[in-house]
Novice: 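Quick one: the structure is below, and I'll ask about it shortly.
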Amino acid sequence: MASTETKDQPTAAAKGKDTTAGSNSPGAGDIAGLEAGLDALESRVVARQPWLRTFISKAFPPLVAIVIVLGLWQLAYHLELKPHYLLPSPIDVGRSLQQKWLEGTLLSFVWTSVSRGALGFVASVAIGTVLGLIVAQVKAVRAAIGPILSGLQSLPSVAWVPAAIIWFGLSDATIYAVVLLGAVPSIANGLVAGVDQISPLYLRAGRTIGATGLAGVRHVLLPAALPGYIAGLKQGWAFSWRSLMAAELIVNAPDLGTGLGQLLEQGRELQDMSWVLAAILLILIVGIGIELLIFAPVERRVLRSRGLLVKS
């Protein structure tokens with residue numbers, strides 16, 4: 001037995017040596033494994049609730065809030081807190097929306113604004129991501145333009161509209177310029193905040209297995225900063241949508257098409273409060289819809305994969 005154990009020991013040591021030697025050689029598999037490990041850190045697998053119970057728990061509170069708001073609105077209309085031509089009832093606003101729907105123009109108004117917002121947001125993500133990575137990684141750049149980004153984020157987007165009109169005239173370029181100036185600082189600052197919250201241990205582990213340069217950004221930096229980055233993207237979309245509405249309210253020309261902002265301005269010019277409130281309602285619905293259908297599911301998935309959000 002002793003001789004057998006003596007013979008086995010060198011074999012096990014040799015295997016351990018081979019394993020150690022193999023682990024010291026970096027490769028794409030090691031980087032991908034590190035990325036997967038970061039995603040699964042502290043995660044727990046839990047049973048999912050039935051979809052009907054989930055739907056009720058998620059949809060019931062907002063529905064109750066909507067009913068309360070509509071009830072208070074109808075009560076204010078009934079008590080004539082304002083003349084009816086200044087404060088129409090929910091039914092009057094619904095009729096205005098129905099009229100636009102029957103005219104076949106409602107979806108075109110929504111699509112014009114949504115397509116502009118989506119294109120401007122995609123461009124903002126591309127610019128804001130690169131800018132955020134540079135600011136987060138280069139100390140001299142952060143010291144130079146970090147405070148400027150924070151200041152631009154707090155600047156109302158409508159302040160850029162007069163300057164953009166002078167630069168680009170009454171064109172789509174003016175609208176997109178306002179959207180970019182409103183959204184890029186939020187996205188860049190969100191990414192910088194996410195990078196600042198990464199544990200130095202992750203970065204050292206990435207460098208140890210060879211994840212440097214673009215590979216380190218792709219497999220270590222961005223995955224680890226993803227929660228903060230997504231928060232910046234959500235805020236960037238909110239600023240993008242607000243900037244777009246501010247630009248559409250002011251930049252109005254026949255060849256630009258009619259978006260929700262122009263629709264709102266037309267209602268103001270005609271002194272039609274039903275029209276104005278209908279446009280405000282559409283702007284609100286689109287903003288909430290994008291948040292609930294796109295950003296909220298992505299954020300929940302990322303947080304759940306990191307063990308930061310679990311279902312009871």
Side-chain angles (χ1 to χ4, degrees), residues 58 62 107-136 148-161 164 172-197 222-223 225-251 256-257 259-264 279-306 308-309:
K58 297 293 184 182
L107 291 181
S108 66
F109 297 151
V110 175
W111 172 248
T112 299
S113 291
V114 170
S115 60
R116 284 172 177 167
L119 182 58
F121 179 70
V122 170
S124 300
V125 170
I127 298 173
T129 300
V130 175
L131 182 60
L133 287 173
I134 294 174
V135 172
I148 298 176
L149 283 178
S150 300
L152 289 175
Q153 186 175 354
S154 63
L155 183 68
S157 303
V158 70
W160 289 110
V161 177
D172 282 328
T174 298
I175 296 177
Y176 289 124
V178 175
V179 171
L180 288 174
L181 290 168
V184 168
S186 298
I187 296 173
N189 281 332
L191 182 54
V192 170
V195 172
D196 289 343
Q197 295 172 7
L222 283 179
L226 203 53
Y229 183 39
I230 291 179
L233 291 179
K234 288 176 58 179
Q235 192 174 36
W237 165 253
F239 276 86
S240 175
W241 188 241
R242 289 164 51 186
S243 303
L244 176 63
M245 292 302 105
E248 286 186 348
L249 274 170
I250 300 175
V251 182
L256 290 181
L260 294 177
Q262 283 99 347
L263 181 67
L264 181 60
I280 294 175
L281 184 61
L282 287 174
I283 294 170
L284 183 63
I285 290 174
V286 172
I288 294 176
I290 296 295
E291 160 68 19
L292 294 179
L293 297 177
I294 298 179
F295 291 105
V298 172
E299 184 179 31
R300 285 198 302 269
R301 182 176 179 179
V302 170
L303 293 179
R304 190 175 294 118
S305 69
R306 284 158 170 74
L308 302 175
L309 179 68

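None of these values were measured; they are calculated from a predicted model. We count residues from 1, following the sequence as given.
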Novice: For the residue pair L152 and P185, what are the closest heavy atoms and their distance?
Specialist: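 That would be CB-CG, 3.7 Å.
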Novice: Take L181 and L155, measure what side-chain contact (heavy atoms from CB on, under 4.5 Å) needs, and give me the verdict at the end.
Specialist: CA-CA 10 Å; L181 290 168; L155 183 68; over 6 Å; no
Novice: For A126, does its backbone N or O pair with a side-chain atom of T129 as donor and acceptor, under 3.5 Å?
Specialist: no
Novice: Can you tell me how far apart OG (S240) and CE (M245) are? Round to the nearest 0.5 Å.
Specialist: 9.0 Å
Novice: Ignoring hydrogens and angles, tell me if any N or O in the side chain of S113 forms a donor-acceptor pair with the backbone of V110 under 3.5 Å.
Specialist: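 No, the answer is negative, given that no donor and acceptor are paired below the 3.5 Å cut-off.
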Novice: For S124 versus L180, what's the shortest heavy-atom pair and its separation?
Specialist: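 In this case the closest contact between S124 and L180 is OG-CD2, 3.3 Å.
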Novice: Closest heavy-atom contact between V179 and S243?
Specialist: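 In terms of heavy atoms, the two residues are closest at CA-CB, 3.9 Å.
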Novice: So how far is it from F239 CZ to K234 NZ, rounded to the nearest 0.5 Å?
Specialist: 13.5 Å
Novice: For the atom pair CG (L191) and CG (L233), what is the distance rounded to the nearest 0.5 Å?
Specialist: 8.5 Å
Novice: List the steps and the verdict of side-chain contact (heavy atoms from CB on, under 4.5 Å) for E248 and L264.
Specialist: CA-CA 9 Å; E248 286 186 348; L264 181 60; over 6 Å; no
Novice: Which heavy-atom pair separates V125 from Y229 by the least distance, and what is that distance?
Specialist: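 Shortest heavy-atom separation between V125 and Y229 comes out as CG1-OH, 3.8 Å.
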Novice: Heavy atoms only: give me the nearest S157-G182 pair and the separation to one decimal.
Specialist: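 The answer is OG-CA, 4.0 Å.
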Novice: Check the pair W237 / S186 against side-chain contact (heavy atoms from CB on, under 4.5 Å), numbers first and verdict last.
Specialist: CA-CA 9 Å; W237 165 253; S186 298; over 6 Å; no
Novice: Could you tell me whether a side-chain N or O of Q262 sits under 3.5 Å from a main-chain N or O of V251, the two making a donor and an acceptor?
Specialist: yes
Novice: Please tabulate, for side-chain N and O atoms in residues 282-293, each donor-acceptor pair with protein atoms closer than 3.5 Å (sequence neighbours left out).
Specialist:
none

Novice: Atom OG of S150 and atom CG of N189: how far apart are they, to the nearest 0.5 Å?
Specialist: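 Here the rounded value is 4.5 Å.
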Novice: If you compare all heavy atoms of F121 against all heavy atoms of I187, which two are closest, and at what distance to 0.1 Å?
Specialist: CE1-CD1, 4.1 Å
Novice: Please step through side-chain contact (heavy atoms from CB on, under 4.5 Å) for the pair L244 and V178, ending with a clear verdict.
Specialist: CA-CA 7 Å; L244 176 63; V178 175; over 6 Å; no
